[in-house]
Structure formats: structure tokens, C-alpha cells
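As C-alpha cells, the structure follows; a few thoughts come after it.
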Amino acid sequence: MTDFFNKVKQHFQKNLPFVIYKKPNSEIINGLFQNDGKLTFSDDLSESGFIFSSFDANKKILIPKDNSEEIVAHFQPEFFQISSKVESDSNEVAKNNFENIVSKAIQEIEKGTFSKVVLSRNEIVDLPNFDLISLYIKLASSYPSAFNYCWFHPEIGLWMGATPETLLKVKGNQFQTVALAGTQLYKGSEEVLWQNKEKEEQQFVTDYIVEIIGKLVSEIQISNPKTIKAGNLLHLKTAIQGLIDKTTNLKELVLLLHPTPAVGGLPKQNAIDFIFNNEGYNREFYAGFLGEINYNDNSETDLYVNLRSMQIQNYSEINKATLYIGCGITKDSIPENEWFETVNKAMTLKYIIL
């Protein structure tokens, strides 16, 4: 693993694009190190490599497999003591602004504009002792059941995250996706009660996914919802799988699923319009999608939604992390509760970086 991370350091110092990532519950860490600094966009998702897409899907950046060195290593998790310096966001202005947007969204839900919308915000924190390798090891060690990644391109920036949500897996003509919604704090047990608000939100997501992909796939199988743990949070998850029709291409299926109701809302376009008109900031690559496309001998695709993510930047020699956090709003949402949900989600990353 030492040689692997030495390669990462060298590539980063040379200002060359790369991505390192570890799939959920895997002991293998993967690296794709681009041979030059070229910025490559993928329009139709037909290439082989690692894709990193913005929320609006206008920027789908490819680290091409045929122009990169691929390295894998055995990942050895390390134990980290959680920092006692971690504090929750106490910015009253940010709190009021977010609660006002949530209230406005609830009004739109009551009017029938949409049944659900996912609202987000960002928060900037200092990284006084930033070290890329140490931070990634800490992230991957702390959240082994998530998709952990560190992605860099000199023309775009440095992003890192640990996401619990699969967007799409394809192998041959078989596909898998998930419906993920509902959030509560983990308090020592995954045997918990879910309120109607979370159950309804989860059913929204499941029904929507099955409806939109129904014309492109067949033999759909849907699991019962189950509770999963992601960091210090619990979510409801439903697995959906089936067969892809021969006439369906990857781009068509991906863009039908993205953005999922877990990051956008229902109906999709009405919710997205509200997000763009009211959030007041650019999500950039937060809530986009990322992962392998057309990989290996079977042209496998393994994509994830870019949740629990952060962008790391340098301001006048001071490293800072911009954290991105969101929550689903339905008719039963309470604005202050939704604010504290984003606070809890931010804490999952703060425990790692501070």
C-alpha cells in the first residue's frame, strides 16, 4: 500500500489527473493515473474509464483507461481517534436562510408543484493540517461500507467523498440500482422505527425508479426496504434489479436515473427547476455521479451518486474544505428539523477532516 500512495503523491505533485477509489466493503483500492493533463469530456458514455459528472450532467469528465496507468493494492484500514474539536454549524444566518427555502418548498408541495424536493447547502471549514493521503485513508477506514474516492484534475480541482448510494451497476444485460431515502442518527443499533415521513419518501423514490426505467428494462425485481448504516447515519434502502433491453444504451439509462429523487425530487424537472432557482449556489459535482464505465472484459459499469462529498481548495496558502449536504423535503417536513439533518450529515465528514 505504501508504493500505491507514493504513486498518488508523485502524480499529485506533478499536477496530473488521477482517481483512487475503494468500492463498498472491498479490501482492494483502485487507482487510475492519467498520463497527461488533458481534460477529456464524455458525451455518450461509450468510452472506458472513470467518469466524474456534475449535478447538471453538462460536465462528464473522463479519466480514460487507455491513456492511464491502472494500479490496484490491498487496502489496510487504520484506527483513528475522532477529534474532540468537531463542532456543529451554529451559523444563524445560514440556518435561517436554509429554513426559509425549506418553508418555500413546503408551500410548493402544498400547491402540487412537486411531491418531494431535495435541498442542499454548503459549508466551508478550515483544514489546518491537510494531507491528502492521511485524509483518504481516514475516510476509507471510517466508512468501509461506502464508495470512497479521491478525484483530482488540475483544471477542475480536488474532490473527496464517501457515498452510500449506488446509481447503476451493469454487467452484460443485467442491471442493479437502489432507492435510498430517509435519514436518522445511528444510536448503536440498526433496529429502528421509521416515521411515516421517511417511509413515504422511500416509497416515492422506489416507485419513481421503477416507472421511469420500465420501458427500457424487463424482469424487474424489487426487494423490501431495509435499514443500512452510513457513518453515523441510518437510511432506508430498496434494491432494484432486472434485465436491460438490447436497444438501450448506457447514456440513456444513466440520464433517466440521474438525478435520482434522492438528490433531485419528484416530478424530476419541477424539482430541479426549484433547486436551480432557490438554492442560491452551484452544486458543481456534488450530487452528480461517478465511477467506472465500460470497464474490464465484460464492459462493466459501476456508478455512484456523489453524496457525502467535499471539495478541497487552497485560499492564500490556507487549505479549506467545502462540504456539501442535503435533505429530502416532503409535505411533512419541519424546516428546523431539516436544518439539523444537514448538520448531522456535515458531522460525518467533519469527524474525518478535523
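Being a predicted model, the structure only gives us computed values, none of them experimental. Because only heavy atoms are used, hydrogens play no part in the values below, and waters and symmetry mates are left out as well, while side chains stay in.
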Kindly compute the distance separating [atom1] ([X]) from [atom2] ([Y]), expressed to the nearest 0.5 Å.
X      : Y      : atom1 : atom2 : result
Thr177 : Gln241 : OG1   : CD    : 11.0 Å
Lys23  : Asp302 : NZ    : CG    : 4.0 Å
Glu279 : Ile101 : CD    : CD1   : 7.0 Å
Glu211 : Leu256 : CD    : CG    : 11.0 Å
Leu167 : Phe147 : CG    : CZ    : 12.0 Å
Ser120 : Tyr286 : OG    : OH    : 5.0 Å

If you apply the rule side-chain hydrogen bond (donor to acceptor under 3.5 Å, both in side chains), what do you find for Asp273 with Gln269, and how did you get there?
CA-CA 6 Å; Asp273 289 344; Gln269 194 57 53; 2.9 Å; yes
Can you hop from [X] to [Y] via hydrophobic side chains spaced under 4.5 Å?
X      : Y      : value
Leu39  : Phe50  : yes
Leu234 : Val178 : no
Ile63  : Val72  : no
Ile244 : Ile220 : yes
Ile51  : Tyr295 : yes

Taking the six-membered ring for Trp, are [X] and [Y] parallel (under 30°), tilted (30 to 60°) or perpendicular (over 60°)?
X      : Y      : value
Trp159 : Tyr324 : parallel
His258 : Phe55  : perpendicular
Phe52  : Trp151 : parallel

Heavy-atom pair with the smallest gap, counting every atom of Ser142 and Ile352:
OG-CD1, 3.1 Å
Looking at Glu336 and Lys95, does any basic side-chain N land under 4.0 Å from a carboxylate oxygen?
yes
How far apart are the C-alpha atoms of Asp56 and Ser54, what are their side-chain angles, what is the distance that settles it, and do they pass the side-chain hydrogen bond (donor to acceptor under 3.5 Å, both in side chains) test?
CA-CA 5 Å; Asp56 62 14; Ser54 57; 2.7 Å; yes
Judged by modelled atom types alone, do Asn97 and Glu99 share a side-chain donor-acceptor pair under 3.5 Å?
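No pair is found: no donor N or O on one side chain lies under 3.5 Å from an acceptor on the other.
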List the residues meeting side chain to side chain donor-acceptor pair (under 3.5 Å) with Ser223, not counting sequence neighbours, and say none if there are none.
none
Between Asn344 (side chain only) and Leu233 (backbone N and O only), is there a donor and an acceptor less than 3.5 Å apart?
no
In a check of side chain to side chain contact (heavy atoms under 4.5 Å, CB included) between Met310 and each of Ile325, Leu135, Ile124, which one passes?
Leu135
Centroid-centroid distance, Tyr149 to Tyr304, less than 6.0 Å
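Centroid separation for Tyr149 and Tyr304: 6.0 Å or greater.
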Considering residues, nucleotides and ligands other than Lys59, do more than 12 of their heavy atoms fall under 6.0 Å from its NZ?
no
